Amino acid sequence: MATYSVANERLRVLEELEREIGASLQSAGNVILELSKEKPTERLLERQAAQFTASVQKVESELSGQIRYLTQVATGQPHEGSSYSARKGCQMALNRVDYARVKLGELARTCEHMLEQ
(Lines give C-alpha, C1' and ligand atoms only; values in the text may rest on other atoms or scores of the structure.)
Protein backbone atom coordinates (compact mmCIF):
# COMPACT_ATOMS: atom_id res chain seq x y z
CA MET A 1 0.00 0.00 0.00
CA ALA A 2 2.96 2.34 0.66
CA THR A 3 3.96 1.97 -2.99
CA TYR A 4 0.62 3.42 -4.08
CA SER A 5 0.96 6.42 -1.76
CA VAL A 6 4.46 7.14 -3.10
CA ALA A 7 3.20 6.80 -6.67
CA ASN A 8 0.23 9.05 -5.90
CA GLU A 9 2.55 11.62 -4.36
CA ARG A 10 4.77 11.52 -7.46
CA LEU A 11 1.72 12.05 -9.68
CA ARG A 12 0.54 14.93 -7.48
CA VAL A 13 3.95 16.60 -7.80
CA LEU A 14 3.82 16.19 -11.59
CA GLU A 15 0.34 17.74 -11.68
CA GLU A 16 1.68 20.69 -9.64
CA LEU A 17 4.52 21.02 -12.12
CA GLU A 18 2.05 21.09 -14.97
CA ARG A 19 0.17 23.94 -13.27
CA GLU A 20 3.46 25.75 -12.60
CA ILE A 21 4.44 25.45 -16.27
CA GLY A 22 1.08 26.95 -17.19
CA ALA A 23 1.68 29.82 -14.75
CA SER A 24 5.13 30.47 -16.20
CA LEU A 25 3.70 30.56 -19.72
CA GLN A 26 1.03 32.97 -18.52
CA SER A 27 3.71 35.23 -17.01
CA ALA A 28 5.73 35.10 -20.23
CA GLY A 29 2.60 35.96 -22.22
CA ASN A 30 1.89 38.90 -19.94
CA VAL A 31 5.44 40.19 -20.42
CA ILE A 32 5.10 39.93 -24.21
CA LEU A 33 1.71 41.63 -24.08
CA GLU A 34 3.08 44.45 -21.96
CA LEU A 35 6.10 44.84 -24.26
CA SER A 36 3.80 45.13 -27.26
CA LYS A 37 2.22 48.27 -25.78
CA GLU A 38 3.41 51.67 -26.87
CA LYS A 39 4.36 52.58 -23.29
CA PRO A 40 5.02 49.42 -21.27
CA THR A 41 4.84 49.68 -17.48
CA GLU A 42 8.30 48.86 -16.20
CA ARG A 43 7.11 47.81 -12.75
CA LEU A 44 4.61 45.33 -14.23
CA LEU A 45 7.30 43.99 -16.58
CA GLU A 46 9.69 43.42 -13.68
CA ARG A 47 7.04 41.69 -11.58
CA GLN A 48 5.94 39.40 -14.42
CA ALA A 49 9.55 38.63 -15.37
CA ALA A 50 10.33 37.79 -11.73
CA GLN A 51 7.28 35.48 -11.56
CA PHE A 52 8.38 33.79 -14.78
CA THR A 53 11.92 33.29 -13.49
CA ALA A 54 10.69 31.89 -10.17
CA SER A 55 8.31 29.49 -11.93
CA VAL A 56 11.00 28.24 -14.30
CA GLN A 57 13.42 27.68 -11.41
CA LYS A 58 10.78 25.76 -9.44
CA VAL A 59 9.92 23.58 -12.44
CA GLU A 60 13.60 22.91 -13.15
CA SER A 61 14.26 21.94 -9.53
CA GLU A 62 11.23 19.63 -9.28
CA LEU A 63 11.96 17.97 -12.62
CA SER A 64 15.55 17.35 -11.55
CA GLY A 65 14.21 15.64 -8.44
CA GLN A 66 11.86 13.49 -10.52
CA ILE A 67 14.74 12.52 -12.82
CA ARG A 68 16.95 11.58 -9.85
CA TYR A 69 14.13 9.39 -8.49
CA LEU A 70 13.63 7.67 -11.85
CA THR A 71 17.38 7.12 -12.14
CA GLN A 72 17.35 5.34 -8.77
CA VAL A 73 14.44 3.16 -9.86
CA ALA A 74 16.10 2.28 -13.15
CA THR A 75 19.44 1.34 -11.58
CA GLY A 76 17.89 -0.90 -8.93
CA GLN A 77 19.23 1.05 -5.98
CA PRO A 78 17.08 0.53 -2.91
CA HIS A 79 14.70 3.37 -2.21
CA GLU A 80 11.49 3.84 -0.34
CA GLY A 81 8.32 2.88 -2.12
CA SER A 82 9.57 0.43 -4.73
CA SER A 83 9.67 -3.32 -4.85
CA TYR A 84 11.84 -3.41 -7.98
CA SER A 85 15.02 -4.35 -6.12
CA ALA A 86 13.29 -7.15 -4.20
CA ARG A 87 11.66 -8.51 -7.36
CA LYS A 88 14.98 -8.39 -9.21
CA GLY A 89 16.69 -10.27 -6.34
CA CYS A 90 13.94 -12.88 -6.33
CA GLN A 91 14.20 -13.38 -10.09
CA MET A 92 17.96 -13.78 -9.86
CA ALA A 93 17.53 -16.38 -7.08
CA LEU A 94 15.06 -18.31 -9.25
CA ASN A 95 17.56 -18.23 -12.12
CA ARG A 96 20.27 -19.63 -9.82
CA VAL A 97 17.90 -22.41 -8.67
CA ASP A 98 17.15 -23.34 -12.28
CA TYR A 99 20.87 -23.38 -13.09
CA ALA A 100 21.59 -25.58 -10.06
CA ARG A 101 18.78 -27.95 -11.12
CA VAL A 102 20.28 -28.29 -14.61
CA LYS A 103 23.78 -28.92 -13.24
CA LEU A 104 22.48 -31.50 -10.72
CA GLY A 105 20.64 -33.25 -13.55
CA GLU A 106 23.84 -33.38 -15.58
CA LEU A 107 25.73 -34.72 -12.55
CA ALA A 108 23.08 -37.39 -11.97
CA ARG A 109 23.28 -38.51 -15.61
CA THR A 110 27.08 -38.62 -15.41
CA CYS A 111 26.91 -40.74 -12.22
CA GLU A 112 24.38 -43.11 -13.78
CA HIS A 113 26.54 -43.44 -16.85
CA MET A 114 29.60 -44.20 -14.69
CA LEU A 115 27.70 -46.84 -12.73
CA GLU A 116 26.55 -48.56 -15.92
CA GLN A 117 30.12 -49.10 -17.08
Side-chain angles (χ1 to χ4, degrees):
M1 174 105 29
T3 302
Y4 291 121
S5 64
V6 171
N8 286 336
E9 178 63 20
R10 292 281 171 192
L11 288 174
R12 187 191 62 71
V13 168
L14 289 173
E15 288 172 352
E16 277 183 34
L17 283 174
E18 184 178 18
R19 284 191 291 278
E20 194 66 38
I21 290 169
S24 67
L25 291 174
Q26 183 68 41
S27 294
N30 289 340
V31 168
I32 292 171
L33 182 63
E34 189 63 27
L35 285 172
S36 70
K37 294 180 179 176
E38 193 171 311
K39 292 185 178 182
T41 308
E42 189 173 329
R43 197 177 64 184
L44 178 62
L45 281 172
E46 288 175 1
R47 189 177 69 229
Q48 290 295 326
Q51 286 177 349
F52 174 77
T53 301
S55 289
V56 168
Q57 287 174 345
K58 181 179 179 183
V59 167
E60 182 180 18
S61 172
E62 290 293 333
L63 283 176
S64 292
Q66 292 287 331
I67 290 168
R68 278 190 304 279
Y69 172 78
L70 291 173
T71 300
Q72 286 180 334
V73 173
T75 59
Q77 294 178 355
H79 61 283
E80 186 177 323
S82 175
S83 62
Y84 175 79
S85 182
R87 285 184 295 164
K88 183 178 176 183
C90 181
Q91 185 61 48
M92 294 301 290
L94 289 173
N95 289 343
R96 287 189 298 271
V97 166
D98 286 341
Y99 180 77
R101 187 178 302 129
V102 167
K103 289 300 180 184
L104 285 172
E106 290 174 3
L107 181 61
R109 283 189 295 280
T110 302
C111 288
E112 288 174 2
H113 181 70
M114 297 291 283
L115 290 174
E116 290 174 359
Q117 292 178 353

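These values consider heavy atoms only, across backbone and side chains, with no hydrogens, waters or symmetry-generated copies. Values in this document were obtained by computation on a predicted structure and should not be read as measured data.
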Quiz item: Can you name the residues that form a side-chain hydrogen bond (donor to acceptor under 3.5 Å, both in side chains) with Gln91, not counting sequence neighbours?
Solution: Asn95
Self-check item: Residue list, side-chain contact (heavy atoms from CB on, under 4.5 Å) with Ile67, at least two apart or on another chain
Solution: Thr71
Quiz item: According to a 4.5 Å side-chain heavy-atom criterion applied to Ile, Leu, Val, Met, Phe, Trp and Tyr, with indirect links allowed, do Val31 and Leu25 form part of one hydrophobic cluster?
Solution: no
Quiz item: For the residue pair Gln48 and Ser27, what are the closest heavy atoms and their distance?
Solution: OE1-CA, 3.4 Å
Practice problem: Only counting residues at least two apart or in another chain, list the ones meeting side-chain contact (heavy atoms from CB on, under 4.5 Å) with Glu18. | Solution: none
Side-chain donor/acceptor pairs under 3.5 Å, residues 35-46, sequence neighbours excluded:
unit_1 : atom_1 : unit_2 : atom_2 : d
Ser36  : OG     : Leu33  : O      : 2.6
Lys37  : NZ     : Glu34  : OE1    : 3.1
Thr41  : OG1    : Glu34  : OE2    : 3.3

Quiz item: In chain order, what residues pass the side-chain hydrogen bond (donor to acceptor under 3.5 Å, both in side chains) check against Gln51, with sequence neighbours excluded?
Solution: none
Quiz item: Mind checking what makes salt bridge (charged side-chain N to carboxylate O under 4.0 Å, His left out) contact with Glu62, not counting sequence neighbours?
Solution: none
Exercise. Name all residues meeting the side-chain contact (heavy atoms from CB on, under 4.5 Å) criterion together with Glu15; count only those two or more places apart in sequence or in a different chain, and write none if there are none.
Key: Arg19
Quiz item: Sequence neighbours excluded, which residues qualify as side-chain contact (heavy atoms from CB on, under 4.5 Å) partners of Arg96?
Solution: Met92, Ala93
Self-check item: Partners meeting side-chain hydrogen bond (donor to acceptor under 3.5 Å, both in side chains) with Gln26 (sequence neighbours left out)
Solution: Asn30
Exercise. Hey, could you give me the CD/OG distance between Gln66 and Ser61, rounded to the nearest 0.5 Å?
Key: 10.5 Å
Practice problem: Calculate, to the nearest 0.5 Å, the distance between atoms CZ and CG belonging to Arg68 and Leu63 respectively. | Solution: 10.5 Å
Quiz prompt | Val56: hydrophobic cluster co-members (side-chain, 4.5 Å) | solution = Phe52
Quiz prompt | Connected via hydrophobic side-chain network under 4.5 Å: Leu17 and Leu70 | solution = no
Quiz item: Which ILVMFWY residues are connected to Tyr99, directly or by a chain of links, through side-chain heavy atoms under 4.5 Å apart?
Solution: none
Self-check item: Those residues that, when tested against Arg101, pass side-chain hydrogen bond (donor to acceptor under 3.5 Å, both in side chains) (two or more places apart)
Solution: Asp98
